[in-house]
**Student:** 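Structure incoming, see below.
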Amino acid sequence: MTAKEVWSYGQALGTANFTDRIGSNRLLANGNFLIDFGYLNAKNGDASNIVEVTREGYQVFNVELSNLQSKGYVYRAYRIHIS
């Protein structure tokens, strides 16, 4: 099997958004991507960042969660519609 990178995002965010263990990404129905940088501050694991971006890399949503108690990282992110 051969893997081929077809899209990437995040390098411009730098090391502050690097997570070496927990995170997720989803291709949404609207064509955007929802990316969860789930275990930031590797020493503590006390922060997460969730970003929705277009294929062109434009951020349409960005939430940073910090000072989470007891390693309260975000394991997986979902986009939901509230009506």
Side-chain angles (χ1 to χ4, degrees):
M1 178 186 339
T2 302
K4 179 181 174 186
E5 182 178 301
V6 295
W7 188 84
S8 67
Y9 176 81
Q11 185 173 4
L13 300 176
T15 58
N17 265 47
F18 175 77
T19 179
D20 66 350
R21 54 194 92 170
I22 294 174
S24 66
N25 65 77
R26 305 200 177 288
L27 176 59
L28 303 174
N30 65 4
N32 292 349
F33 294 90
L34 186 65
I35 305 168
D36 166 25
F37 301 94
Y39 193 94
L40 302 179
N41 301 332
K43 185 175 181 180
N44 303 338
D46 65 353
S48 295
N49 186 212
I50 301 167
V51 182
E52 181 179 340
V53 295
T54 64
R55 286 193 180 275
E56 296 76 28
Y58 174 74
Q59 287 188 13
V60 295
F61 177 81
N62 185 335
V63 64
E64 296 177 14
L65 307 165
S66 59
N67 297 319
L68 302 172
Q69 298 296 318
S70 188
K71 295 188 186 287
Y73 47 81
V74 177
Y75 178 74
R76 192 173 288 148
Y78 293 94
R79 186 176 196 249
I80 60 171
H81 295 279
I82 300 174
S83 42

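Because the structure is predicted, anything quoted here is derived from the model rather than measured. Values reported hereafter were calculated over all heavy atoms of this structure, with side chains retained and with hydrogens, waters and symmetry mates removed.
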**Student:** Taking the side chain as every heavy atom from C-beta outward, state whether N30 and R79 have any atom pair closer than 4.5 Å.
**Tutor:**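 Yes, side chains in contact.
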**Student:** Distance check, rounded to the nearest 0.5 Å: N32 atom CG versus Q59 atom CD?
**Tutor:** 11.5 Å
**Student:** List in chain and number order the residues that pass ring-ring contact (aromatic ring centres under 6.0 Å, His included) with F33, two or more places apart in sequence or in another chain; answer none if no residue qualifies.
**Tutor:** W7
**Student:** Just to verify, what does V63 make a side-chain contact (heavy atoms from CB on, under 4.5 Å) with, not counting sequence neighbours?
**Tutor:** I50, F61, L65
**Student:** Which residues pass the side-chain hydrogen bond (donor to acceptor under 3.5 Å, both in side chains) test with N25, sequence neighbours left out?
**Tutor:** none
**Student:** Would the distance check show the side chain of R26 and the main-chain N or O of Y78 forming a donor-acceptor pair, the cut-off being under 3.5 Å?
**Tutor:**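 Looks like no, no N/O pair under 3.5 Å.
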**Student:** For a side-chain hydrogen bond (donor to acceptor under 3.5 Å, both in side chains) check, start with the C-alpha distance between E64 and S66, then their side-chain angles and the critical distance, and finish with the verdict.
**Tutor:** CA-CA 6 Å; E64 296 177 14; S66 59; over 6 Å; no
**Student:** Closest approach of S24 and A77, non-hydrogen atoms and distance?
**Tutor:**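 Closest approach of S24 to A77, heavy atoms only: OG-N, 3.4 Å.
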**Student:** State, yes or no, whether a side-chain contact exists between L34 and R76 at a heavy-atom distance under 4.5 Å.
**Tutor:** no
**Student:** Hey, what do you get for CG (N62) to CD1 (I35), rounding to the nearest 0.5 Å?
**Tutor:** 10.5 Å
